[in-house]
Amino acid sequence: MGWLWAIIVGLVLGLIARAILPGKQNIPLWLTALLGLIGSILGNAVATGIGVHDTKGIDWIRHLLQLIGAVIVVGIGSGLWARIRGSGSRGAGRARTSRDHQV
């Protein structure tokens with residue numbers, strides 16, 4: 001059951017991170033969930049590292065750090081995805097010419 005909650009939290013944080021980031025992130029939903037999950041894990045690690053422990057109520061600092069981690073990881077991941085998929089700054093969909101190879 002813990003993994004199910006981790007996937008749900010990753011998806012929610014990934015979607016919020018995509019909404020916060022400027023521009024359009026052309027990444028699939030599964031990658032959004034994965035990157036959000038990785039970001040929330042990093043946020044948890046930072047929270048633990050700075051001494052934020054479980055509280056009786058809502059742990060706002062931990063959640064904020066998880067969201068910041070998700071925004072960073074989704075931002076980096078969407079840029080890498082664009083480069084891998086060929087939709088980077090070179091102009092996706094156009095044929096390469098000899099000018100593209102000049103330095």
Tell me which donor-acceptor pairs under 3.5 Å the side chains of residues 7-24 have, and how far apart each pair is, sequence neighbours excluded?
{"from": "Arg18", "atom 1": "NH1", "to": "Ile27", "atom 2": "O", "distance (Å)": "3.2"}
{"from": "Arg18", "atom 1": "NH1", "to": "Thr32", "atom 2": "OG1", "distance (Å)": "2.8"}
{"from": "Arg18", "atom 1": "NH2", "to": "Gln25", "atom 2": "O", "distance (Å)": "3.1"}

Side-chain donor-acceptor pairs under 3.5 Å in residues 39-47, sequence neighbours left out?
{"from": "Ser40", "atom 1": "OG", "to": "Gly36", "atom 2": "O", "distance (Å)": "3.4"}
{"from": "Ser40", "atom 1": "OG", "to": "Leu37", "atom 2": "O", "distance (Å)": "2.8"}
{"from": "Asn44", "atom 1": "OD1", "to": "Arg62", "atom 2": "NH1", "distance (Å)": "3.0"}
{"from": "Asn44", "atom 1": "OD1", "to": "Gln66", "atom 2": "NE2", "distance (Å)": "3.0"}

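Evaluation of the salt bridge (charged side-chain N to carboxylate O under 4.0 Å, His left out) test over residues 25-42, restricted to residues two or more places apart or in two chains, returns none.
In the hydrophobic clustering of this structure, Trp81 groups with Leu34; members are Ile, Leu, Val, Met, Phe, Trp, Tyr whose side-chain heavy atoms approach within less than 4.5 Å, directly or through other members. Both Ile38 and Leu31 are members of a single hydrophobic cluster when ILVMFWY side chains are connected at heavy-atom separations under 4.5 Å.
Here the straight-line distance linking atom CH2 of Trp60 with atom CG of Leu65 works out to 13.5 Å at 0.5 Å rounding.
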